[in-house]
Amino acid sequence: MLEGKAYVKDTDMPLKMQVHAMDCASQTLDLYDVVDCTSIAAYIKKEFDKVYGGGWQCVVGSNFSSFFTHSKGTFIYFSLETLNFLIFKGAAY
């Protein structure tokens with residue numbers, strides 16, 4: 001597992017879920033090359049779908065913008081190493 005420290009930029013997730021998100025990101029960076037952001041995001045999305053139910057979205061990269069609506073308590077935006085991670089569950093209407 002990577003030794004780098006994750007820096008949470010914004011979140012409304014419960015602490016236990018935050019820790020899971022950052023641990024999952026760290027483990028994924030051990031599996032994939034840092035430039036393979038699509039595979040990294042897919043791995044994290046599938047893990048969150050499996051553990052917390054379907055509907056999760058994950059964006060990974062060093063430079064991106066976003067605008068979205070999420071379900072309360074399901075959003076985190078953090079950095080780890082050279083990448084930013086955005087994980088959220090889409091809001092149901």
Side-chain angles (χ1 to χ4, degrees):
M1 188 177 291
L2 287 171
E3 298 300 321
K5 182 169 172 54
Y7 172 70
V8 176
K9 297 179 179 186
D10 198 7
T11 188
D12 72 351
M13 275 184 179
L15 184 58
K16 186 175 178 180
M17 194 180 288
Q18 291 178 42
V19 171
H20 183 211
M22 292 179 284
D23 285 347
C24 186
S26 182
Q27 292 167 5
T28 305
L29 290 176
D30 287 340
L31 298 174
Y32 296 99
D33 192 288
V34 71
V35 298
D36 191 3
C37 294
T38 302
S39 294
I40 294 168
Y43 185 95
I44 294 169
K45 185 237 186 302
K46 290 173 186 173
E47 170 69 11
F48 267 66
D49 281 347
K50 181 177 76 175
V51 174
Y52 303 109
W56 287 89
Q57 306 299 318
C58 183
V59 182
V60 178
S62 58
N63 187 17
F64 60 85
S65 298
S66 62
F67 188 83
F68 60 91
T69 303
H70 69 285
S71 298
K72 185 177 180 181
T74 66
F75 159 75
I76 189 167
Y77 178 52
F78 64 95
S79 62
L80 178 63
E81 300 295 318
T82 61
L83 295 176
N84 296 308
F85 295 80
L86 173 62
I87 305 168
F88 65 95
K89 189 168 191 171
Y93 288 97

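The model shown is predicted, which means the values in this text are computed figures rather than measured ones.
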Atom of [X], atom of [Y] and distance for their closest heavy-atom approach:
{"X": "G61", "Y": "C37", "answer": "CA-SG, 4.0 Å"}
{"X": "G73", "Y": "P14", "answer": "O-CD, 3.4 Å"}
{"X": "K9", "Y": "N84", "answer": "NZ-OD1, 2.9 Å"}
{"X": "M13", "Y": "Q18", "answer": "O-NE2, 2.7 Å"}
{"X": "A21", "Y": "I76", "answer": "CB-CG2, 4.1 Å"}
{"X": "S62", "Y": "L83", "answer": "N-CD2, 4.0 Å"}

Separation between [atom1] of [X] and [atom2] of [Y], rounded to the nearest 0.5 Å:
{"X": "L86", "Y": "Q57", "atom1": "CG", "atom2": "CD", "value": "9.5 Å"}
{"X": "T82", "Y": "N63", "atom1": "OG1", "atom2": "CG", "value": "12.0 Å"}
{"X": "Y52", "Y": "M17", "atom1": "OH", "atom2": "CE", "value": "5.0 Å"}
{"X": "L80", "Y": "F85", "atom1": "CG", "atom2": "CZ", "value": "5.5 Å"}
{"X": "I44", "Y": "M22", "atom1": "CD1", "atom2": "CE", "value": "12.0 Å"}

Inset, instruction - Could you point out which residue of F88, Y77, F75 forms a ring-ring contact (aromatic ring centres under 6.0 Å, His included) with H70? - result: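 The option that passes is F75.
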Legend entry - V34 vs E81 side-chain heavy atoms within contact, under 4.5 Å: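 A side-chain contact is absent here, since even the closest heavy-atom pair is not under 4.5 Å.
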Judged by atom type as modelled, is there a donor-acceptor pair below 3.5 Å linking the side chain of [X] to the main-chain atoms of [Y]?
{"X": "K45", "Y": "I87", "value": "no"}
{"X": "D12", "Y": "T74", "value": "yes"}
{"X": "T28", "Y": "C24", "value": "yes"}

Legend entry - I40 and its side-chain contact (heavy atoms from CB on, under 4.5 Å) partner, picked from V60, V35, L31: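 By the side-chain contact (heavy atoms from CB on, under 4.5 Å) criterion, I40 pairs with just one of V60, V35, L31: V60.
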Legend entry - Cluster overlap V59 with F68, hydrophobic side-chain contacts below 4.5 Å: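 In one cluster with V59: F68, yes.
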Legend entry - same_hphob_cluster(V19, V51) at 4.5 Å side-chain heavy-atom cutoff: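 No, no single cluster joins them.
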Legend entry - K46 atom NZ, neighbour heavy-atom count above 12 within 6.0 Å: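 Open.
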Legend entry - Atom OH of Y7: over 12 foreign heavy atoms under 6.0 Å: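 Atom OH in Y7 is not crowded, with 12 or fewer foreign heavy atoms closer than 6.0 Å.
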Inset, instruction - Classify the ring geometry between F48 and W56 as parallel (under 30°), tilted (30 to 60°) or perpendicular (over 60°). - result: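 Perpendicular, since the angle between the ring planes exceeds 60°.
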